[in-house]
Asker: 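Please see the structure below; I have some questions.
Numbering of ligands and ligand atoms starts at 1, following listing order. The structure presented is a predicted model; accordingly, all values stated were derived computationally and were not measured.
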Amino acid sequence: MTTVKAYAAQDASTPLAPFSIERREPGPHDISIQILFCGVCHTDIHFVRNDIGMSLYPMVPGHEIVGRVLQVGNKVEKFKAGDYAGVGCLVDSCRECGNCSDGLEQYCENGFVLTYSFYEKDGKTVTQGGYSSQIVVDERFVLKVSDALPLEKVAPLLCAGITTYSPMKYWKIGRGHKVGVLGLGGLGHMAVKFAASFGAEVTVLSTSPSKEADAKRLGAKQFVLTNDEDQLKKVTNYFDFIIDTVSSNHDYEKYLYLLSPSSTLILLGVATEPMKLPAIHMVFNRKAVAGSIIGGLPETQEMLDYCAAHNITADVEVIPIQQINEAYERILKGDIKYRFVIDMATL
Ligand code: NAP
Ligand code: ZN
Ligand code: ZN
């Protein structure tokens with residue numbers, strides 16, 4: 001075991017604070033990584049504050065990890081010491097079910113293992129995430145990261161990137177589609193970049209008037225303020241897809257009106273209340289409501305390679321780890337453009 005520095009939440013209400021954790025010695029298939037940058041996802045806040053009711057403490061959050069390989073096990077084939085590497089939301093899965101065999105580890109039929117606040121397959125060890133100086137992960141769950149892009153801007157691709165890329169690939173979103181991106185935060189700003197890159201016409205649907213110029217800079221053709229009824233009317237029955245990245249409970253029916261017939265509302269945000277959805281929208285207009293979670297390992301690698309080839313990265317504000325609690329408060333106020341990334345050298 002190696003003792004490494006980290007920042008942890010001890011319970012759902014006290015601020016994150018310095019902490020030490022143990023990392024296992026790398027086994028034959030393991031890679032030990034020195035973490036250079038870790039993005040701050042809104043899911044980290046949901047987990048730290050136990051919004052979903054499945055949190056395990058003490059908890060070291062963080063699942064948008066990039067770093068440098070320190071050491072590899074003797075059966076590791078893809079990596080060597082010194083390579084750049086990425087780790088996202090998953091560190092294990094059953095590896096045997098149909099979905100794992102198809103590279104859809106995020107839908108593992110026997111249960112995946114999340115990067116933090118989750119039991120490993122031994123049922124006892126609790127995973128700890130990227131707000132730490134090192135991590136040890138099986139090579140199947142480690143991604144290759146190009147050195148062509150700035151690493152701090154690549155880190156958010158490991159969650160915000162793949163979470164928005166994967167549904168766009170699944171629903172074949174591209175040229176000829178009108179796509180609404182609901183919520184311009186960490187996920188939302190990546191959704192705009194990908195949808196625009198795939199050739200779709202993008203509209204940002206936002207509660208924040210101050211984000212209009214950024215929305216257009218990121219690739220949106222239009223910006224609609226969702227609390228302005230007149231602006232909403234102009235996009236009624238308009239979209240082929242709405243990608244909903246809102247991080248809290250909200251009125252879904254309001255956005256079903258904006259979908260054209262035979263179109264789809266894709267949920268990515270984690271709302272805790274049951275949805276209220278009058279069947280009339282789906283029955284009379286063949287509208288669908290669907291959801292999507294992150295992406296599998298092969299698709300995450302494909303997304304990273306696509307980003308390297310097309311120069312796509314996140315817009316980030318790099319912070320020292322000591323500012324993490326303040327960063328959480330700013331995310332909750334919507335005061336972030338558009339992802340905080342922790343410089344782990346400050347730990
Ligand atoms: P974020 O950076 O905080 O962005 C969320 C955005 O939603 C905000 O910037 C804001 O945009 C909008 N918003 C927030 N509260 C709202 C409200 N009450 N009504 C309307 N709009 C509101 O969060 P994120 O990191 O992008 O994550 C978004 C959600 O996705 C979180 O719930 C997170 O847990 C979840 N998530 C899911 C997956 C997955 O695999 N499905 C992966 C990662 C994250 P405007 O200012 O533009 O309105
Ligand atoms: Zn995330
Ligand atoms: Zn599986």
Asker: Quick one: do the Ser133 and Gln34 side chains pair a donor with an acceptor below 3.5 Å?
Answerer: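 Ser133 vs Gln34: no donor-acceptor pair found between side chains.
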Asker: If you group Ile, Leu, Val, Met, Phe, Trp and Tyr by side-chain heavy-atom gaps below 4.5 Å, do Val341 and Leu332 land in one group?
Answerer: yes
Asker: Which option wins on minimum heavy-atom distance to atom 47 (O) of ligand 1: Ser206, Ala271, Gly186, Gly39?
Answerer: Ser206
Asker: Any atoms of ligand 1 less than 4.0 Å from a non-hydrogen atom of Leu184? List them with their elements.
Answerer: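 Near Leu184, meaning under 4.0 Å from one of its heavy atoms, ligand 1 has 9 (O), 11 (O), 45 (P), 47 (O).
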Asker: Considering only protein heavy atoms, which is closest to atom 9 (O) of ligand 1, and at what distance to one decimal place?
Answerer: Lys211 NZ, 3.2 Å
Asker: Before giving the answer on salt bridge (Lys or Arg N to Asp or Glu O under 4.0 Å), spell out for Asp138 and Arg95 the whole-Å C-alpha distance, their side-chain angles and the decisive distance to 0.1 Å.
Answerer: CA-CA 12 Å; Asp138 186 290; Arg95 310 180 191 195; 3.3 Å; yes
Asker: Tell me the nearest of Asn249, Val40, Val246, Ile293 to atom 22 (C) of ligand 1, using heavy-atom distances.
Answerer: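 Nearest heavy atom to atom 22 (C) of ligand 1 lies in Val246.
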Asker: Based purely on interatomic distance, does Val270 place a nitrogen or oxygen under 3.5 Å from a nitrogen or oxygen of ligand 1?
Answerer: yes
Asker: Heavy-atom contacts with Gly183 under 4.0 Å: which atoms of ligand 1 show up? List them by number with element.
Answerer: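 In order of numbering, the contacting atoms are 7 (O), 11 (O), 12 (C), 47 (O).
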Asker: For the NE2 atom of His63 and the CG atom of Asp44, what is their distance to the nearest 0.5 Å?
Answerer: 5.0 Å
Asker: Taking N or O atoms only and a 3.5 Å limit, does His42 qualify as a polar contact for ligand 1?
Answerer: yes
Asker: How many angstroms lie between atom CZ of Arg330 and atom NZ of Lys337, to the nearest 0.5 angstrom?
Answerer: 10.5 Å
Asker: Could you check which of Ile336, Asp244, Leu268 puts a non-hydrogen atom nearest to atom 37 (C) of ligand 1?
Answerer: Leu268
Asker: To the nearest 0.5 Å, what is the distance between CG (Asp305) and CD (Glu302)?
Answerer: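 One finds 8.0 Å between CG of Asp305 and CD of Glu302.
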Asker: So which protein N/O/S atoms does the Zn ion (ligand 3) have within less than 2.8 Å?
Answerer: Cys94 SG, Cys97 SG, Cys100 SG, Cys108 SG
Asker: Going by distance alone, is a donor N or O of one side chain under 3.5 Å from an acceptor N or O of the other, for Glu329 and Asn325?
Answerer: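 Asn325 and Glu329 do not have a side-chain donor-acceptor pair below 3.5 Å.
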Asker: Name the closest protein heavy atom to atom 26 (O) of ligand 1, giving the residue it belongs to and the distance to 0.1 Å.
Answerer: Leu187 N, 2.8 Å
Asker: Should Trp171 and Met168 be counted in the same cluster of Ile, Leu, Val, Met, Phe, Trp and Tyr side chains packed under 4.5 Å apart?
Answerer: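 Yes.
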Asker: Could you walk me through whether Asp315 and Lys193 pass salt bridge (Lys or Arg N to Asp or Glu O under 4.0 Å), step by step?
Answerer: CA-CA 10 Å; Asp315 288 24; Lys193 290 187 187 203; 2.6 Å; yes
Asker: Just go through Thr207, Ile294, Leu182 and tell me whose heavy atom is the nearest to atom 20 (C) of ligand 1.
Answerer: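 Shortest heavy-atom distance from atom 20 (C) of ligand 1: Thr207.
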Asker: Does NZ or CZ of Lys211 lie under 6.0 Å from the centre of the six-membered ring of Phe223, at an angle within 45° of the ring axis?
Answerer: no
Asker: So if you build clusters from Ile, Leu, Val, Met, Phe, Trp, Tyr with side-chain heavy-atom gaps below 4.5 Å, do Val136 and Val113 land together?
Answerer: no
Asker: Any idea which part of His46 is under 4.0 Å from ligand 1, heavy-atom wise: side chain, backbone, both or neither?
Answerer: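 Within the 4.0 Å criterion, His46 contacts ligand 1 through side-chain atoms alone.
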Asker: Identify the protein heavy atom lying closest to atom 39 (C) of ligand 1, giving its residue, its atom name and the separation to 0.1 Å.
Answerer: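 The closest one turns out to be Thr163 CG2, 3.3 Å.
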Asker: What is the nearest protein non-hydrogen atom to atom 14 (C) of ligand 1, stated with its residue, atom name and distance?
Answerer: Ser247 OG, 3.5 Å
Asker: For the atom pair OG (Ser292) and CD1 (Ile266), what is the distance rounded to the nearest 0.5 Å?
Answerer: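 The OG atom of Ser292 sits 7.5 Å away from the CD1 atom of Ile266.
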Asker: Please identify which atoms of ligand 1 are closer than 4.0 Å to at least one heavy atom of Cys159.
Answerer: 42 (C), 43 (C)
Asker: Will you find, in the side chains of Thr125 and Arg24, an N or O donor that is under 3.5 Å from an N or O acceptor?
Answerer: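 Side-chain D/A pair, Thr125 to Arg24: absent.
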Asker: What protein heavy atom lies closest to atom 4 (O) of ligand 1? Include the residue and the distance to one decimal.
Answerer: Gly185 CA, 3.3 Å
Asker: Please write down residue, atom name and distance for the protein heavy atom closest to atom 28 (C) of ligand 1.
Answerer: Thr245 O, 3.0 Å
Asker: Backbone, side chain, both or neither: what part of Ser248 comes under 4.0 angstrom of ligand 1, heavy atoms only?
Answerer: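 For Ser248, only side-chain atoms sit under 4.0 Å from ligand 1.
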Asker: Can the ring centres of Phe198 and Tyr306 be said to be less than 6.0 Å apart?
Answerer: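 When the ring centroids of Phe198 and Tyr306 are compared, they turn out to be within the sub-6.0 Å range.
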Asker: With a 3.5 Å cut-off and sequence neighbours excluded, list the donor-acceptor pairs that the side chains of residues 250-260 form with protein atoms.
Answerer:
from: His250; atom 1: ND1; to: Ser248; atom 2: O; distance (Å): 2.7
from: His250; atom 1: NE2; to: Asp244; atom 2: OD1; distance (Å): 3.3
from: His250; atom 1: NE2; to: Asp244; atom 2: OD2; distance (Å): 2.6
from: Asp251; atom 1: OD1; to: Glu253; atom 2: N; distance (Å): 3.1
from: Asp251; atom 1: OD1; to: Lys254; atom 2: N; distance (Å): 3.3
from: Glu253; atom 1: OE2; to: Tyr257; atom 2: OH; distance (Å): 3.4
from: Glu253; atom 1: OE2; to: His281; atom 2: NE2; distance (Å): 2.9
from: Lys254; atom 1: NZ; to: Thr226; atom 2: O; distance (Å): 2.9
from: Ser260; atom 1: OG; to: Phe239; atom 2: O; distance (Å): 3.0

Asker: Enumerate the atoms of ligand 1 whose separation from the nearest heavy atom of Cys41 is less than 4.0 angstrom.
Answerer: 43 (C), 44 (C)
Asker: Students should be able to answer this: which protein heavy-atom is nearest to atom 44 (C) of ligand 1, and at what distance?
Answerer: Thr43 OG1, 3.2 Å
Asker: Please note down the angle at the Zn ion (ligand 2) between SG of Cys41 and SG of Cys159, to the nearest 10°.
Answerer: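 The SG/SG angle about the Zn ion (ligand 2) sits at 130°.
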Asker: For ligand 1, is Arg339 a contact, meaning one of its heavy atoms is under 4.0 Å away?
Answerer: yes
Asker: I'd like to know if Tyr131 and Leu70 are part of one continuous hydrophobic network [Ile/Leu/Val/Met/Phe/Trp/Tyr, side-chain heavy atoms within less than 4.5 Å].
Answerer: no
Asker: Under 4.0 Å from any heavy atom of Ile331, which atoms of ligand 1 are there?
Answerer: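 Those of ligand 1 that fall under 4.0 Å from Ile331 are 3 (O).
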Asker: Same cluster or not: are Met59 and Ile21 linked, directly or through other Ile, Leu, Val, Met, Phe, Trp or Tyr residues, by side-chain heavy atoms under 4.5 angstrom apart?
Answerer: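 Per the 4.5 Å side-chain linkage, Met59 and Ile21 are co-clustered.
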Asker: Any atoms of ligand 1 less than 4.0 Å from a non-hydrogen atom of Ser208? List them with their elements.
Answerer: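 Those qualifying, in numeric order: 45 (P), 46 (O).
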